[in-house]
Visitor: 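This is the structure I have questions about; it appears just below.
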Amino acid sequence: MCQKGGLMRILPIFALVAGIMAGAPPVAAQETTQPSALPQPTQEEIQTAIQHYLIIAGALQSEQLAESVKAQLFMCLYMLPMRQISQNVTQAIEANSELSADNPEHVQAVVGAVCGVEQSATTAE
């Protein structure tokens, strides 16, 4: 989720995203739709979901993140379809003009917020 020294750069972004997401329940608390009822994803949606998955996978391997953060991210990934996580991340970014899908730090912060990661828990224990 962060490269060396990157954690300090994303904390202000994470705070912004946390404020935005404060009124919305974490994606883990939302209901899922049956796969058979979903339309086929576009190629762009698939590529975006891959990007979001790689952020979570990278975070799970990071030595800079607290184990509690890794556990929260893993449970988010385990409990929910990647499609739902990615759609919620995309919607959160689109809903805020201060965030950009082209900025990896913004996307990392939104992925954390969507998965219910608390900002204060991000540093390694």
Visitor: Using every non-hydrogen atom in the two residues, find where C76 and I85 come nearest and quote the distance to one decimal.
Guide: O-CD1, 3.5 Å
Visitor: Could you state the interatomic distance from CD1 (I46) to OG1 (T42), rounded to the nearest 0.5 Å?
Guide: 7.0 Å
Visitor: Here's a test for you: under side-chain contact (heavy atoms from CB on, under 4.5 Å), which of I55, T90, L99, D102 qualifies with V107?
Guide: I55
Visitor: Sequence neighbours left out, what pairs pass ring-ring contact (aromatic ring centres under 6.0 Å, His included) with at least one residue falling in residues 82-103?
Guide: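 Matches after skipping sequence neighbours: none remain.
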Visitor: Rounded to the nearest 0.5 Å, what separates atom NE2 in H52 from atom CG in N88?
Guide: 10.5 Å
Visitor: Check Q61 against K70 and note the closest heavy-atom contact, atom names and distance.
Guide: C-NZ, 4.5 Å
Visitor: Tell me, with the steps shown, if L77 and L73 meet side-chain contact (heavy atoms from CB on, under 4.5 Å).
Guide: CA-CA 6 Å; L77 190 58; L73 290 171; over 6 Å; no
Visitor: Please tell me if the side chains of V89 and I93 come closer than 4.5 Å, counting only heavy atoms from C-beta onward.
Guide: yes
Visitor: Verify whether one side chain among S100 and H106 offers a donor that lies under 3.5 Å from an acceptor in the other.
Guide: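 H106 and S100 do not have a side-chain donor-acceptor pair below 3.5 Å.
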Visitor: Going by the ring-ring contact (aromatic ring centres under 6.0 Å, His included) test, which pairs reach into residues 66-105, not counting sequence neighbours?
Guide: F74-Y78
Visitor: So do the side chains of I56 and L60 get within less than 4.5 Å of each other, counting heavy atoms only?
Guide: yes
Visitor: Any side-chain heavy atom of E45 sitting closer than 4.5 Å to one from S86?
Guide: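 Heavy-atom side-chain distance check fails, nothing below 4.5 Å.
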Visitor: Is there a side-chain contact (heavy atoms from CB on, under 4.5 Å) between L65 and S62? Walk through the geometry before answering.
Guide: CA-CA 6 Å; L65 291 179; S62 173; 4.0 Å; yes
